[in-house]
Amino acid sequence: MQDWCPTILRRTATAISALLLLSAVGGIILTVVNTPKPAWFALSFEVAILGATAVGLAAGLRRTGRCTAMAYACVAGVVMAGSFLSGLSAHWTLGSLDLRLIVIARIAAAGVLALIAAWAILGRAPTRTVPMLARAGAAGVVASGLLVGVWLLRAQFAGMSEVVRFVLGVVVFLILTGLVAAAVDRLIRAFEIGVESPPPGAPPATR
């Protein structure tokens with residue numbers, strides 16, 4: 001199977017996974033030696049990050065084709081969620097160490113992994129995947145604008161009767177649900193097209 005993305009990007013993703021793995025090892029040590037007692041909840045999230053980054057590192061070193069990109073996408077999700085929840089459960093400090101910058105750095109690194117994984121999949125058929133992404137982005141922008149509008153007009157809504165507020169709430173909820181569903185559908189379809197498409201430079205399929 002063809003390499004899943006340019007070598008420099010694969011090596012970058014592998015290096016990021018290694019750094020995140022080391023940060024998880026450090027996080028595990030800090031949570032265990034934390035005083036006056038270990039930060040058990042944070043420890044569980046650090047272990048999850050350790051396992052995910054180990055899988056990502058192994059996937060990058062194996063050059064396993066399409067599955068590697070999806071593995072890095074999963075690693076990115078686990079690191080983002082795990083880092084935030086680890087910091088939150090430890091109240092953003094372990095001993096005298098402020099975790100906020102560490103969490104931000106981890107999430108940023110995971111974001112780079114996600115972008116590399118997305119490029120590896122979506123870049124295989126950009127003429128087909130980019131329009132799908134544009135539609136997903138447009139739906140997301142409209143949904144965000146609707147939420148901002150509701151927030152800015154919250155004082156006016158508060159002065160309305162309960163019946164009117166209920167009806168408007170249902171309408172806004174249905175519109176938001178439709179927009180989010182449309183965005184997710186187009187995003188998933190873009191990745192499906194990318195997965196189904198051969199990597200650049202791959203030889204034509206033979207029967």
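When side chains are defined from C-beta on, Phe157 counts as touching Leu168, because their heavy atoms get closer than 4.5 Å. Using a 4.5 Å heavy-atom cutoff, the side chains of Thr93 and Leu99 are not in contact. Annotation: side chain of Thr12 is in contact with side chain of Ile116 (closest heavy-atom distance under 4.5 Å). Residues Leu113 and Ser17 are in side-chain contact: their nearest non-hydrogen atoms beyond the backbone lie under 4.5 Å apart. Side-chain contact between Leu50 and Leu21: present, with at least one pair of heavy atoms (C-beta onward) separated by less than 4.5 Å.
Applying the ring pair (Phe, Tyr, Trp, His ring centres under 6.0 Å) rule to Trp92 yields the partners Phe84; only residues at least two apart in sequence or on another chain are considered. Applying the side-chain contact (heavy atoms from CB on, under 4.5 Å) rule to Ile193 yields the partners Ala125, Arg128, Thr129, Met132, Arg189, Ser197; only residues at least two apart in sequence or on another chain are considered.
Interatomic distance, Leu57 CG to Leu61 CG, rounded to the nearest 0.5 Å: 4.5 Å. To the nearest 0.5 Å, the span separating OG1 on Thr31 from CZ on Phe45 amounts to 12.0 Å. Separation of atoms CD (Glu192) and CG (Leu187) is listed at 10.5 Å; rounding is to 0.5 Å. Atom CG of Leu179 sits about 9.5 Å away from atom CG of Leu147, to the nearest 0.5 Å.
Hydrophobic clustering keeps Ile29 apart from Leu97 (ILVMFWY residues linked when any side-chain heavy atoms are closer than 4.5 Å, directly or through intermediates).
Annotation: side-chain hydrogen bond (donor to acceptor under 3.5 Å, both in side chains) contacts involving residues 141-156, sequence neighbours excluded, are absent. The side-chain hydrogen bond (donor to acceptor under 3.5 Å, both in side chains) contacts involving residues 36-56 comprise Glu46-Ser86, Glu46-Arg106, where partners must be two or more places apart or lie in separate chains. Listed by first and then second residue, the salt bridge (charged side-chain N to carboxylate O under 4.0 Å, His left out) pairs involving residues 165-181 amount to none (not counting sequence neighbours). Counting only residues at least two apart or on different chains, the salt bridge (charged side-chain N to carboxylate O under 4.0 Å, His left out) pairs with a member in residues 89-101 are Asp98-Arg100.
Only one option out of Leu176, Val171, Val170, Thr177 pairs with Phe173 in a side chain to side chain contact (heavy atoms under 4.5 Å, CB included); it is Thr177.
Other residues, nucleotides and ligands place more than 12 heavy atoms under 6.0 Å from the CG atom of Leu174.
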